[in-house]
Amino acid sequence: DTLFPYTTLFRSIVSLRWGMKAGVLSGFLWGLLQVATGDFYFLTVTQFLIEYFIAFACIGFAGLLYPLVYAAFEENQTTKASGWIIVAVLVGSLARYFWHFIAGVIFWGSFAPKGMSPVIYSLVVNGGTMFGVSVLCAFVLILLTRTSSRLIMKKRIKKVEMSILK
């Protein structure tokens, strides 16, 4: 995934705007797009499914915190919203990288330097990537939402009273 920081950023935006279901679907579709564009590595069917469909879909778990982020913005509590955005990005990133870690141990462990455990190798490689992507994504999301919370907030449609329609 050559655009991995953007993957988490855009899936997090979808998740925080429309919730977990939309985020999971968005991540799954992103995995499908990776396949369609040829931007993937295929070792086994299981590795392929884990890293391109399950892992990307799990970024959508950030949407679990959608109600808290939304409520904070509605109350004009941007600092509180920023805190929930950080937690949401971490939830989505941890869910995603859990699966990359598992795939790293099982399928990519043979690439570990001689004498290094595949578990340590996967933890260092995938954990380091997750940390960097999470920090970057949370930082950019906070900057974007501080300048325009509309990125996450859905526009409210006013209900028209029945008397107007008569």
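Everything numeric in this text was worked out from a predicted model, so none of it was measured. One is the number of the first residue; the rest follow in order along the sequence.
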Q) Parallel, tilted or perpendicular for Phe40 and Phe42, by the 30°/60° rule? A) perpendicular
Treating Ile, Leu, Val, Met, Phe, Trp and Tyr as nodes and any side-chain heavy-atom pair under 4.5 angstrom as an edge, say whether Val125 and Ile50 lie in one connected cluster. yes
Nearest heavy-atom contact between Met130 and Leu94 is SD-CD2, 3.4 Å
Of all heavy-atom pairs linking Asn126 and Gly104, the shortest is ND2-CA, 4.2 Å
dist Ile59:CD1 -> Thr8:OG1 (nearest 0.5 Å) comes out at 4.0 Å
query: With no hydrogens and no angle check, do the side chains of Thr7 and Trp30 hold a donor and an acceptor under 3.5 Å apart?
result: yes
With sequence neighbours left out, the residues meeting side chain to side chain contact (heavy atoms under 4.5 Å, CB included) with Val69 are Leu16, Phe73, Trp84, Ile85, Ile152
Taken to the nearest 0.5 Å, the spacing of Leu33 CG from Phe56 CZ works out to 10.0 Å
CZ (Arg96) and CZ (Phe101) are apart, to the nearest 0.5 Å, by 16.0 Å
Q. Do the side chains of Gln47 and Ile106 get nearer than 4.5 Å, heavy atoms only?
A. no
- [ ] Using modelled atom types only, decide if a donor and an acceptor are shared between the side chain of Gln34 and the backbone of Asp39 within a distance under 3.5 Å.
- [x] yes
Validation row: Ser15, Met20 side chains within 4.5 angstrom (heavy atoms): no
Nearest heavy-atom approach of Pro113 to Tyr121 is CD-CD1, 3.6 Å
Examine distances only and state if a side-chain atom of Ser149 and a backbone atom of Thr145 form a donor-acceptor pair shorter than 3.5 Å.
no
Would a hydrophobic clustering, with Ile, Leu, Val, Met, Phe, Trp and Tyr connected at side-chain separations under 4.5 Å, put Ile142 with Val87?
yes
Answer yes or no: does atom CZ of Arg146 have more than 12 heavy-atom neighbours from other residues, nucleotides or ligands under 6.0 Å? yes
Side chain to side chain contact (heavy atoms under 4.5 Å, CB included) filter on Phe53, not counting sequence neighbours, yields Phe28, Leu32, Val35, Phe48, Leu49
In terms of heavy-atom contacts, Thr147 and Leu144 come closest through OG1-O, 3.0 Å
*Please examine the side chains of Glu51 and Trp99, heavy atoms only from C-beta on, and report whether any two atoms are closer than 4.5 Å.*
no
Shortest non-hydrogen pair, Met153 vs Arg17, comes out as O-NH1, 2.8 Å
Please answer whether the main-chain N or O of Pro118 pairs with a side-chain N or O of Ser122 as donor and acceptor at a distance below 3.5 Å.
-> no
- Going only through I, L, V, M, F, W and Y residues with side-chain contacts under 4.5 Å, is there a path from Ile120 to Val105? yes
**Q.** Full working for side-chain contact (heavy atoms from CB on, under 4.5 Å) between Leu141 and Ser12
**A.** CA-CA 9 Å; Leu141 258 177; Ser12 295; 3.8 Å; yes
Nearest heavy-atom contact between Val14 and Ala22 is CG1-O, 3.6 Å
When rounded to the nearest 0.5 Å, the distance separating CZ of Phe98 from CD1 of Ile54 is 10.5 Å
| request: Is it possible for you to say whether Leu136 and Val91 belong to one hydrophobic cluster, with membership spreading through side-chain heavy-atom contacts below 4.5 Å? | output: yes
With a 4.5 Å heavy-atom cut-off, do Thr46 and Phe107 have their side chains touching?
yes
Ser134 meets the side-chain hydrogen bond (donor to acceptor under 3.5 Å, both in side chains) criterion, sequence neighbours left out, with Ser93
**Study point:** Check: Tyr52 side chain, Tyr41 main-chain N or O, donor-acceptor pair, under 3.5 Å
**Key:** yes
Joint hydrophobic cluster, Leu90 plus Ile13, side-chain heavy atoms closer than 4.5 Å: yes
